[in-house]
Protein chains: 2
Amino acid sequence: MREPRTFPGTATTPVARPAPLRQAVYDVLIELIVGGVLQPGQHLIEAELAVNLGVSRQPVREALLRLQSDGWVELRPAQGAFVHSPTVEEAAQLLSVRAVLETHAAHGAAQYATGADIARLWELQAAGIAALSADDARGIVEANAALHGFITELARNPILAELIRQVDRRVRWYYMPIARPRGKDAWNEHAEIIDRIAVGDADRAEALMHQHTRTTTDFYCRQLSAVPRARA
Amino acid sequence: MREPRTFPGTATTPVARPAPLRQAVYDVLIELIVGGVLQPGQHLIEAELAVNLGVSRQPVREALLRLQSDGWVELRPAQGAFVHSPTVEEAAQLLSVRAVLETHAAHGAAQYATGADIARLWELQAAGIAALSADDARGIVEANAALHGFITELARNPILAELIRQVDRRVRWYYMPIARPRGKDAWNEHAEIIDRIAVGDADRAEALMHQHTRTTTDFYCRQLSAVPRARA
DNA sequence: CAGACTCAGATTGCATACAGAAGCCTATAT
DNA sequence: ATATAGGCTTCTGTATGCAATCTGAGTCTG
């Protein structure tokens with residue numbers, strides 16, 4: 001067998017290539033931004049970051065470049081990187097974009113979900129209900145993300161999934177400090193959506209997801225106007 | 001006046017900063033990929049590109065990094081950059097994502113468009129009709145892009161606009177070699193959409209755009225299945 | 001003759017070095 | 001006292017150098 005065949009069943013990642021440093025730096029910097037260590041508007045000095053992270057400027061530069069593509073920092077020519085300062089308008093825009101993307105994902109999920117997928121959806125739903133009963137705020141947020149993320153996967157559209165992932169991360173960054181989860185209503189809506197996905201009713205699943213994300217958006221926007229400049 | 005004020009009316013770009021080389025390299029490489037000089041799957045050697053473009057490896061590296069973020073090349077660790085090989089599935093996914101994003105843009109446009117905006121929309125529409133009458137294929141494509149692009153602008157959502165821009169560029173790359181414009185029907189649909197935007201009927205504008213993009217998607221997908229592996 | 005091993009060339013990833021631009025502080029003139 | 005001009009420091013942008021790694025050809029062995 002000389003010819004390099006791909007084995008049908010085995011989805012082997014190519015044996016864990018040596019992860020580039022830029023990736024590690026990228027991850028750490030996002031952690032620092034999300035965690036508030038690096039504050040919005042702050043000037044990120046390459047050399048300083050390099051020393052703190054124990055690498056040279058090169059991987060830091062490459063990480064900053066990607067952070068710019070993903071909307072985390074702004075790169076002003078000849079001035080360097082500044083942590084992006086999210087605005088209220090931008091938060092609303094991110095929410096609305098995420099809403100339409102997830103609505104579309106629900107449509108696709110209803111088309112492609114298998115029996116096993118449905119079972120998994122109900123598991124995730126149950127986990128969310130459990131966290132809700134236990135009043136476990138962190139658990140609720142995680143369960144919600146897991147459920148929405150799995151629905152996204154079910155749409156069998158990696159392009160869509162990647163966009164949602166990017167948008168969602170930025171939304172969560174902005175709302176993490178102020179947002180509280182929505183509560184029981186959201187999970188009732190989830191149940192309805194799963195119901196429609198289960199029977200392959202794509203249009204109805206889409207409509208319900210549209211309603212759900214819209215309600216969530218409004219819910220967050222109200223909190224937003226209540227705390228207008230929480231992170232100046 | 002010591003304090004640095006931003007002037008309300010003037011949307012001045014900050015006086016043309018020295019454009020970094022990486023930007024120029026990035027633009028040139030996209031040209032080369034779109035133009036077919038660099039073919040899908042081809043291994044891009046940093047040093048080679050650097051020599052050809054008359055710069056060092058550094059700007060080339062940075063450009064390649066951004067090209068990866070935007071889906072133009074794949075960067076395999078320790079192996080370098082390879083021009084992305086688009087698949088039929090991916091093309092369909094890009095089309096469907098672009099459709100939902102533009103549908104959302106139409107909704108926003110209907111909410112925010114001013115009288116002047118409407119006038120501009122009809123101008124762009126007229127330009128498209130003119131190109132159609134003149135049987136100017138290139139002109140039709142450009143007019144179509146201009147009209148859709150302006151509708152996107154009208155949604156007053158830069159996040160959405162940026163996503164559409166990225167997705168649209170990749171779609172156009174894939175379809176440029178095989179696609180023919182749709183013809184008269186598309187422009188009739190445009191007219192209806194503009195009508196609804198003009199009167200601020202967001203829901204109807206959204207529905208019409210949904211229909212329009214869906215038809216366009218189907219139209220392209222048919223051409224796609226007719227030329228399955230045009231660019232292997 | 002097939003297959004595994006070795007070694008050399010090539011290429012990436014990271015580090016360092018250098019030049020130019022931007023911002024800041026100070027000194028000076030009005 | 002305020003505004004301005006000039007020099008200085010800092011940081012980015014670009015170039016180059018070096019080590020590790022991957023690929024492929026050639027060779028050796030069963």
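Just so you know, these numbers come straight off a predicted model, no measurement behind them. Sequence lines set the chain letters: A, B, ... in the order given, protein chains first and strands last, and positions in each chain run from 1.
The only option from A:Leu121, A:Thr114, A:Ile118 that meets the side chain to side chain contact (heavy atoms under 4.5 Å, CB included) definition with A:Leu154 turns out to be A:Leu121.
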Close N/O contacts between protein and nucleotides 10-14 of chain D (under 3.5 Å):
residue : atom : partner : partner atom : Å
D:dT12  : OP1  : A:Leu44 : O            : 3.2
D:dT12  : OP1  : A:Glu46 : N            : 3.4
D:dT12  : OP2  : A:Glu46 : N            : 3.4
D:dG13  : OP1  : A:Ala78 : N            : 3.1
D:dG13  : OP2  : A:Arg61 : NH1          : 3.3
D:dG13  : N7   : A:Arg57 : NH2          : 3.0
D:dG13  : O6   : A:Arg57 : NH1          : 3.1
D:dT14  : OP1  : B:Leu21 : N            : 2.6

Please list, for nucleotides 8-10 of chain C, all pairs of protein and nucleotide N/O atoms separated by less than 3.5 Å.
none

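Note on B:Arg156 versus A:Glu89: no salt bridge recorded, every NZ/NE/NH1/NH2 to OD/OE distance being 4.0 Å or above. Comment: B:Asp218 does not engage B:Arg222 in a salt bridge, judged by the lack of any side-chain N to carboxylate O separation of less than 4.0 angstrom.
With rounding to whole Å, A:Leu53 atom CG is found 15 Å from C:dA15 atom C1'.
Residues B:His148 and B:His212 meet the side-chain proximity criterion, which asks for heavy atoms closer than 4.5 Å.
The aromatic ring centroids of B:His104 and A:His104 lie 6.0 Å or more from each other.
When the side chain to side chain donor-acceptor pair (under 3.5 Å) test is applied to B:Glu62, the partners found at least two apart in sequence or on another chain are A:Arg61, B:Arg22, B:Gln58.
At most 12 heavy atoms of other shown residues, nucleotides or ligands fall within 6.0 angstrom of atom CZ in A:Arg214.
Rounding to the nearest 0.5 Å gives a distance of 11.0 Å between CD of A:Glu153 and CD1 of A:Ile164.
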